[in-house]
Amino acid sequence: MKASSSVPKFLTKIWALVEDHRNAEYICWSQDGNSFIVLDEERFAKEILPRHFKHNNMASFVRQLNWYGFHKVMQDETGAARHDKYCSGRYQHHFFKRGHEELLTKIKRKVTASTGDKRVFRKAKVCLLVCSLQISGIVFGMCR
Amino acid sequence: MKASSSVPKFLTKIWALVEDHRNAEYICWSQDGNSFIVLDEERFAKEILPRHFKHNNMASFVRQLNWYGFHKVMQDETGAARHDKYCSGRYQHHFFKRGHEELLTKIKRKVTASTGDKRVFRKAKVCLLVCSLQISGIVFGMCR
Amino acid sequence: MKASSSVPKFLTKIWALVEDHRNAEYICWSQDGNSFIVLDEERFAKEILPRHFKHNNMASFVRQLNWYGFHKVMQDETGAARHDKYCSGRYQHHFFKRGHEELLTKIKRKVTASTGDKRVFRKAKVCLLVCSLQISGIVFGMCR
DNA sequence: AGCGTTCTAGAATATTCGATT
DNA sequence: GAATCGAATATTCTAGAACGC
């Protein structure tokens with residue numbers, strides 16, 4: 001069983017991208033496996049991205065990374081092979097680690113202000129059902 | 001005749017569609033037998049659907065699938081974009097599995113509020129919205 | 001430059017699509033100019049849509065039309081050329097009329113929960129419904 | 001009474017653009 | 001050419017509503 005269906009497509013896609021050795025010259029795990037590295041941003045954006053997303057813009061890819069809480073890290077990892085001219089960026093998330101695909105389920109997309117409202121709204125739906133039943137004259141125990 | 005009369009026609013029809021090898025270029029089981037695949041959506045809609053349903057719209061077919069709790073699933077598990085030019089969609093239901101026609105009886109059409117209940121439902125919606133606001137801590141005054 | 005920058009891209013795109021006579025076999029104005037007609041849905045979706053949008057699904061196109069308040073109309077326009085088998089759908093919006101591109105600015109995308117206005121919108125709805133109930137003489141209590 | 005078909009809307013994610021720091 | 005975030009639109013999948021049978 002691979003990543004469960006509860007994992008957004010974006011996450012399973014970067015996972016697959018980093019794992020696929022055919023992409024090794026564009027994107028790969030850092031040596032310690034705690035971050036991934038984009039090696040040639042231009043070619044990565046123009047050649048790899050459109051195969052997996054509906055765009056070929058690095059900026060859009062980065063926006064998605066930020067939605068999911070990834071951070072760009074500037075520091076070179078100690079002892080890591082230096083890609084110097086080719087390393088375009090290193091991105092990291094606490095739950096994105098080589099060998100731990102199961103952690104993907106812990107990565108949450110950030111909610112917008114009004115998405116937050118929706119949660120409340122959903123809570124209220126329970127209330128809706130209660131009210132519905134009460135109006136119908138049906139008695140039952142409290143929700144929650 | 002296997003399928004009992006308690007199984008809605010829609011379910012027996014997709015079952016027959018998927019099983020019939022003459023439809024192999026339009027619709028078929030996935031390799032693991034846990035989902036079915038529509039191969040060429042346009043031709044499937046225009047050539048196959050009208051032979052079994054009163055329409056030739058993919059959208060109506062999909063609406064039916066959703067009524068019965070089928071879910072569309074990503075083409076392949078790796079998350080790679082890769083559309084087989086021909087694979088238009090893969091649909092899955094926990095009780096729709098190759099070799100287990102008897103499970104069809106467990107697939108239930110979702111219920112909708114009956115006409116009579118709708119009035120109560122509408123009343124309750126007010127309550128829902130009020131509750132929503134209260135939970136949100138929003139204060140509002142009455143109109144006028 | 002006709003369409004001002006305040007007009008969403010979707011609207012300027014359908015306008016351009018309908019106006020472009022090279023698309024005449026796929027999409028065109030109705031005879032009276034008050035709606036547009038999609039002539040061959042399958043070919044329109046697969047050949048035209050991807051040139052202008054990031055997809056080739058009629059369903060996504062229709063969802064966009066609905067976001068902007070377009071309605072599908074079934075009735076044949078009186079006196080219009082009948083396309084019979086080829087007419088896949090006729091869509092209409094009060095402010096989408098041949099010869100009146102300036103009206104596009106009046107077409108508004110429906111608001112969603114992701115817009116800040118939504119909260120106010122919801123407030124107003126409650127008020128409306130509460131008033132409605134009160135006028136109806138219906139009493140209701142708060143949920144807990 | 002539940003099922004089938006159609007049109008529209010809800011909800012979540014995806015993409016773009018620009019503001020903010 | 002720094003990086004992140006807010007907001008609006010775009011795309012996808014699913015559900016609501018209405019109506020006919």
Side-chain angles (χ1 to χ4, degrees), chain A residues 5-11 13 41 49 52-74 88-89 91 108-115 117-119 121-122, chain B residues 6-11 13 49 52-74 89 91 108-116 118 121-122 125, chain C residues 5-11 13 49 52-74 89 91 108-118:
Chain A
S5 59
S6 66
V7 176
K9 285 182 181 177
F10 177 72
L11 295 177
K13 282 180 179 178
E41 192 171 294
L49 286 183
H52 302 268
F53 304 95
K54 292 176 180 293
H55 65 80
N56 60 358
N57 307 308
M58 191 62 189
S60 294
F61 181 67
V62 172
R63 187 67 191 87
Q64 278 281 68
L65 288 172
N66 288 328
W67 274 122
Y68 286 95
F70 283 77
H71 288 277
K72 187 170 188 175
V73 284
M74 312 302 296
S88 298
Y91 298 89
K108 299 302 179 189
R109 193 179 203 268
K110 288 177 183 175
V111 289
T112 66
S114 39
T115 303
D117 289 343
K118 284 183 189 169
R119 295 248 171 80
F121 201 68
R122 231 172 277 130
Chain B
S6 68
V7 176
K9 285 181 183 176
F10 177 71
L11 295 176
K13 281 180 180 177
L49 286 183
H52 302 268
F53 304 95
K54 295 175 185 293
H55 64 82
N56 61 357
N57 306 308
M58 191 62 188
S60 295
F61 182 67
V62 171
R63 186 67 191 90
Q64 279 281 68
L65 288 173
N66 287 329
W67 274 123
Y68 286 96
F70 282 77
H71 289 274
K72 187 170 189 176
V73 287
M74 256 197 320
Y91 297 88
K108 300 300 180 190
R109 191 184 201 260
K110 290 175 184 174
V111 287
T112 170
S114 71
T115 343
K118 278 182 187 167
F121 199 67
R122 231 172 277 129
K125 267 190 172 174
Chain C
S5 59
S6 67
V7 176
K9 285 181 181 176
F10 177 72
L11 295 177
K13 282 180 178 176
L49 287 182
H52 301 269
F53 304 96
K54 293 175 181 293
H55 66 81
N56 61 356
N57 306 307
M58 190 62 188
S60 295
F61 181 68
V62 171
R63 186 67 191 88
Q64 277 281 68
L65 288 173
N66 286 330
W67 274 124
Y68 285 95
F70 283 77
H71 290 274
K72 188 171 189 176
V73 283
M74 310 301 296
Y91 297 89
K108 300 301 179 188
R109 193 179 202 267
K110 290 176 184 175
V111 288
T112 77
S114 64
T115 58
D117 300 331
K118 182 66 180 201

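Note that the structure is predicted; figures quoted are calculated from it, not measured. Below, chain A is the first sequence line, B the second, and so on; all start at residue 1.
With sequence neighbours excluded, the residues forming a side chain to side chain contact (heavy atoms under 4.5 Å, CB included) with A:K54 are C:K54, C:H55, listed by chain and number. Take C:R109 and apply the side chain to side chain contact (heavy atoms under 4.5 Å, CB included) test, not counting sequence neighbours, and it matches C:Q64, C:W67, C:Y68, C:T112. Qualifying ring-ring contact (aromatic ring centres under 6.0 Å, His included) partners for C:Y91, counting only residues two or more places apart in sequence or in other chains: C:F36.
Checking the phosphate oxygens (OP1, OP2) of E:dG16, no side-chain nitrogen or oxygen of B:K110 falls inside 4.0 Å. Distances shown here put a side-chain N or O of C:N57 below 4.0 Å from the OP1 or OP2 atom of E:dT12. Between A:K13 and D:dA14 there is no side-chain polar atom (N or O) within less than 4.0 angstrom of OP1 or OP2.
Terminal axes of the helix from D:dG2-E:dC21 to D:dT21-E:dA2 (five pairs each, C1' rotation axis) are separated by 30°, to the nearest 10°.
Among the nucleotides D:dT16, E:dA10, D:dT5, the one closest to the side chain of C:R109 is E:dA10.
Rounding to whole angstrom units, CD of residue A:E41 and P of E:dA2 are separated by 12 Å. Taking atom NZ of B:K108 as the reference point, atom C1' of D:dC3 lies 14 Å away to the nearest angstrom. The separation between A:F10 atom CZ and D:dA12 atom C1' is 15 Å, rounded to whole Å. Atom NE2 of C:H52 and atom C1' of E:dT9 are 18 Å apart (whole Å). Straight-line distance from the CG atom of B:L11 to the P atom of D:dG2: 16 Å, rounded to whole Å. Atom NZ of C:K72 is separated from atom C1' of D:dT8 by 12 Å (rounded to the nearest Å). The interatomic distance linking B:H55 (NE2) with D:dC7 (C1') rounds to 14 Å, in whole Å.
Rounding to the nearest 0.5 Å gives a distance of 6.5 Å between NZ of A:K110 and CG of A:N66. Separation of atoms CG (A:L49) and NZ (A:K13) is listed at 10.5 Å; rounding is to 0.5 Å. Rounding to the nearest 0.5 Å places CZ of C:R63 at 14.5 Å from CG of C:N57.
Remark: B:R63, B:N66, B:W67, B:H71 in residues 61-71 of chain B come within less than 4.0 Å of DNA chain E through at least one heavy atom.
With DNA chain E read from its 5' end, the first of the two nearest nucleotides for A:Y91 and B:Y91 is the one closest to A:Y91. If you find the closest nucleotide of DNA chain D to B:K9 and to A:A59, the one lying nearer the 5' end belongs to B:K9.
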